[in-house]
Each structure stands twice: as C-alpha cells, then as structure tokens.
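In what follows, a single structure is set out as structure tokens and then discussed.
By convention here, the first residue in the shown sequence is residue 1.
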Amino acid sequence: MMKTIKYSDQYLAQTLFKRALFFALIVVTVLFLPWYISIVKNGLASQFSWWHLLPIVFTLIMISAFGWLLNWLYRVYALEHDDFIAHYMRAIELRQLISLLIVSKGFYDTDSDEKGQFVSYFPKVRIKFLFKTGQIILQEPVDGQKYMERFSKGEFDNTVEIALLADRQTTEFEKNMMISTFAFEPIKFRRQLLELVPQKGVLQISKGIDWKYDTFYNALISGNVGTGKSYTMFAIIGQLLQLTKFVEILDPKRSDLASLKYVDELNGHVHSTQSEINQAVIQYYQDMMKRAEKMEQIKASGKIGTYKDYNFVPHFLVFDEFGAYREMNERLAYGTQDKEDFDTAMSNLNEIAMLGRELGFYILIGMQRPDANSLPMAVRNQLNLKINMGVPTPEIEKMVFQDNEKQLRPLSSHLKGWGFIQVGTGQVRSFFAPEVPKDFNLHEYMKAQIAQRA
C-alpha cells in the first residue's frame, strides 16, 4: 500500500515515540489506578507513608524501560532482523528521511498570514515498501506544479540514492506521475550459482538483471583481483555451455579458465598460449565469415533477418585477461610469424565486434583495468553489457560507464562478489554476482552444465 509523505513526517520517529510513551503512561496509570485511589484516600485521612510513592517509582521505571525498548527496536533490532517489527521500524525511518529530503532540498513552498507561516504547497510524493525484495517504489508528481521539471529530470531521485544508499533500478512515467523503483538492499537480488537457469537468448545474472545477448551483444567484465570477476565469468560461461557447444575460452595468464582444457568435454575449446590464442581468434573470425557467406546466399532469394531466423546457433568467444594478452604480444619483434598472427587476430577481433551481432558471433572480454590503450575503440564501442566488480576508479568509471551520473559506492565491507552493471544504455545498477558455494569445484561445475545441454 502506498503511503503519502507529509511535511510532518520529518519528525515522524520523534512523534511516534512520544505518542507511544503517552499511551504506555495511560496503560500503566490504569493498571495502578486502584493503588492511586488508595493513596489519595490515605492522604485525605492523614495516613501518608513512603510506600505510597512506590506506584510513582514503578511508573517511571516502566515508562523508562518501554522508552529504552522502543529506541533499541528502532536503532538496533530493525538493522539486524527481517520481520514485521523490523519492517515497521525501517518504514518509519525511510518515510522520515524522504520527508526531510523534500524539505531540505526545497521541493515545497511556504506562505504566511496573520496567524503566522504555513506550508502552502507540499508535493504529493508517495512511497511503497517491498521488504521481501529489498525495494521501495517512489511515486513523484509530474502534474504541472512548480517543481515538476526538477522531479522529472531525476533531481530528487539522485538525492534519494545518495541518502538511502540505494540504487535506482527503473523509472517510468504515467499520467501526472513518475514512478521510480529503488533497491535499498541489493543483497536480496543475489542468485545462487547452482540455481541459474539460462534460456535461449537470455542468461541470468541477478534477480531483475538478465543478459539478453541477442539484443545487448558483446560484454565486458572488469575488476581487480579478489573482487569476484572470475566467479562472475564462471557463472556466464556455465550458462553458455548449457545452451551451445560453440564456446571458445581464451586465458593468456593460464589461470583458472585455462585449467578447463583438462575437462574432456571442452577439449579443443580452451586456449592459453599466445600462438593458440591468436589462431583461435583467427579461426573464430573465419567461421563467422563462412556463416556470412551462407546467410548471403539465403538472402539472395529476398529473405531478410538475422542468424536466428535461419536456425543458426550462437557462437561465443570468452577472452579473459585481455589486457595481459595485448601486453604480451605487443612486445614481440616485428617481422616474426607470431607478431603477424597477433596483428591479424586483432584486426579480426575488431571485425567480429562490429559484424558479429547479425551473424551470431559474440565476444565476452574480461580484464582488470580497461583503458584506451588496451581496449581498441572498435571493440569498446560494441560492448553492450558492461560490468565492473568493486568500486571503479574515476578513470575506469569514465571508460566503462561513460554517461553515468550516479555516485558509485561500496555495497558491503565483508561480502565479496558485488559490483556495478550497465545493460545497453540503461542506468548503471549495483548488484551482487551469483553466490558460489563453499565447496565449489570449477571442473565439476562445467561438466554438470554441459550435461544439461539439450
């Protein structure tokens, strides 16, 4: 149910606290009423005794204890629990904070008369809490009033994101209103690695965040060591292997992904030496061009469409540690066969990025620190899924999320596997990558995924 934010809600916690104490005082007074009547009678009979003060002492103790309990529920219990009481206390805090933001940012008007100053206009902002999913829905006025333009441009939403440490997920416009959805507990959107269920054209990443690779083709996953980049790639590769056998895995650092060459089912699809990788890219390009010829022949009859319309299957080139690959090969001496193969592979990679969407040939690049020197412009401009694990530096943020206006903040100080994602030209969103079980074995996981392939 939507709750309307009021001007007085900026004092909501204090007001409800006072009302609760007053109610408790009434209850205690009623309970002790016979005792009080007895004291009054004895007082009138001049039979006063110090024990007559006991009900007053008990009343003060009980009211103080009740007040302490309320404060503890609000400041401690609500942060550590996930039940009705915690939700109610959290709702009070959020309603109060939204009201304070409206007032502090000047989204209202005041006037005065002979009786004094009063609020002449307060925007009709409404809020709904979805504690099960860790979301709030904020309904803001776009009704022709004075502050409509500021609301519609997202000025208030940006303030809410910062104040609530929340993440704006979607914004929709309806008649006279703008409805924004925020995630204030991103951990509740986390999926379990072993429960991911890919579908044709769609890979699961987080609840509410999927990679529709036919629409948002080519991906970049960046992040320093220990941020969860590799595990995020495992989750995506595992799903790809459920859908198709045409997955080529390149790992020039010979790390975790390179070890997959010892999985029998992936024999010939995992490459780790410089020469292997160069030849794999060249072969991937040649396979793409063969498909292009087949599709051209089909279209000669007047048919139109993409690879899906002709029942071709998608191919994926997963290229981990791409920056290291560039560094290793750029040190090669000119005129050598390895240098020529590298130059050919890089030229082919640019064409794959630009032509692959219609033909069903996709690229997924993983690297620690993407920059203009390591990531070619032709490839960078064709990346429609961009992920950075952890908080990016200003330089990386500018490279990965060029048009981002939101402040990217840490999601957790003790949990790993969180980062930020942008699908297409949508908003940059915070997320937790799929959670990996403690006894995770990479080879067994990949074998299990392959076994589920239809």
Are the ring centres of [X] and [Y] closer than 6.0 Å?
{"X": "F129", "Y": "F131", "value": "yes"}
{"X": "Y285", "Y": "F361", "value": "no"}
{"X": "F107", "Y": "F151", "value": "yes"}
{"X": "Y325", "Y": "F319", "value": "yes"}

Verify, without hydrogens or angle tests, whether [X] (side chain) and [Y] (backbone) share a donor-acceptor contact under 3.5 angstrom.
{"X": "K124", "Y": "P141", "answer": "no"}
{"X": "H269", "Y": "L260", "answer": "no"}
{"X": "Q239", "Y": "Q204", "answer": "yes"}
{"X": "S180", "Y": "E172", "answer": "no"}
{"X": "N350", "Y": "A378", "answer": "no"}
{"X": "N388", "Y": "G390", "answer": "yes"}
{"X": "R126", "Y": "Q139", "answer": "no"}
{"X": "Q10", "Y": "S99", "answer": "no"}
{"X": "T244", "Y": "L240", "answer": "no"}
{"X": "T344", "Y": "E340", "answer": "yes"}

Residues, nucleotides or ligands: over 12 heavy atoms within 6.0 Å of [X] [atom1]:
{"X": "F189", "atom1": "CZ", "value": "yes"}
{"X": "F173", "atom1": "CZ", "value": "yes"}
{"X": "K212", "atom1": "NZ", "value": "no"}
{"X": "K188", "atom1": "NZ", "value": "yes"}
{"X": "R409", "atom1": "CZ", "value": "yes"}
{"X": "K294", "atom1": "NZ", "value": "no"}
{"X": "K261", "atom1": "NZ", "value": "yes"}
{"X": "F122", "atom1": "CZ", "value": "yes"}

Open item on the list: On a heavy-atom basis, which atom in L317 and which in L250 lie closest, and how many Å separate them?
Closed with: CD1-CD1, 3.7 Å
Task: Derivation and outcome, salt bridge (Lys or Arg N to Asp or Glu O under 4.0 Å), residues R168 and E140 - done: CA-CA 14 Å; R168 182 171 49 169; E140 303 163 45; over 6 Å; no
Task: Verdict with reasoning, Q337 to D341, per side chain to side chain donor-acceptor pair (under 3.5 Å) - done: CA-CA 6 Å; Q337 185 62 49; D341 288 344; 3.0 Å; yes
Checking [Y] against [X]: is there a side-chain donor and acceptor pair closer than 3.5 Å?
{"X": "N404", "Y": "Q422", "answer": "no"}
{"X": "Y284", "Y": "N348", "answer": "no"}
{"X": "Y231", "Y": "D256", "answer": "no"}
{"X": "D83", "Y": "Y77", "answer": "yes"}
{"X": "H271", "Y": "D251", "answer": "no"}
{"X": "Q382", "Y": "Y217", "answer": "yes"}
{"X": "Q283", "Y": "E248", "answer": "no"}

Task: Test salt bridge (Lys or Arg N to Asp or Glu O under 4.0 Å) applied to E149 and K153, step by step - done: CA-CA 6 Å; E149 187 174 356; K153 287 183 176 180; 2.9 Å; yes
Task: R150 side, atom CZ; K105 side, atom NZ - distance, nearest 0.5 Å - done: 9.0 Å
Task: Point-to-point distance, once rounded to the nearest 0.5 Å, from CD of E330 to OG of S374 - done: 9.0 Å
TODO: For the pair E93 and R90, find out whether any cationic side-chain nitrogen is under 4.0 Å from an anionic carboxylate oxygen.
DONE: yes
- [ ] Would you sort out whether K398 and E395 count as a salt bridge (Lys or Arg N to Asp or Glu O under 4.0 Å), showing the intermediate values?
- [x] CA-CA 5 Å; K398 186 176 181 180; E395 295 78 13; over 6 Å; no
- [ ] Apply the test ring pair (Phe, Tyr, Trp, His ring centres under 6.0 Å) to residues Y213 and F316: give CA-CA distance (whole Å), side-chain angles for both, the deciding distance (0.1 Å), then the verdict.
- [x] CA-CA 10 Å; Y213 54 78; F316 297 88; 5.0 Å; yes
Open item on the list: As a test of understanding, state which of F401, F431, W211 forms a side-chain contact (heavy atoms from CB on, under 4.5 Å) with I421.
Closed with: F431
Task: Note, K229 side chain near D320 side chain (heavy atom, < 4.5 Å) - done: yes
Open item on the list: Are F246 and P314 packed together at the side-chain level, in the sense that at least one heavy-atom pair is separated by less than 4.5 angstrom?
Closed with: no
Task: Given K386, E397, R380, the one that forms side chain to side chain donor-acceptor pair (under 3.5 Å) with Q402 - done: K386
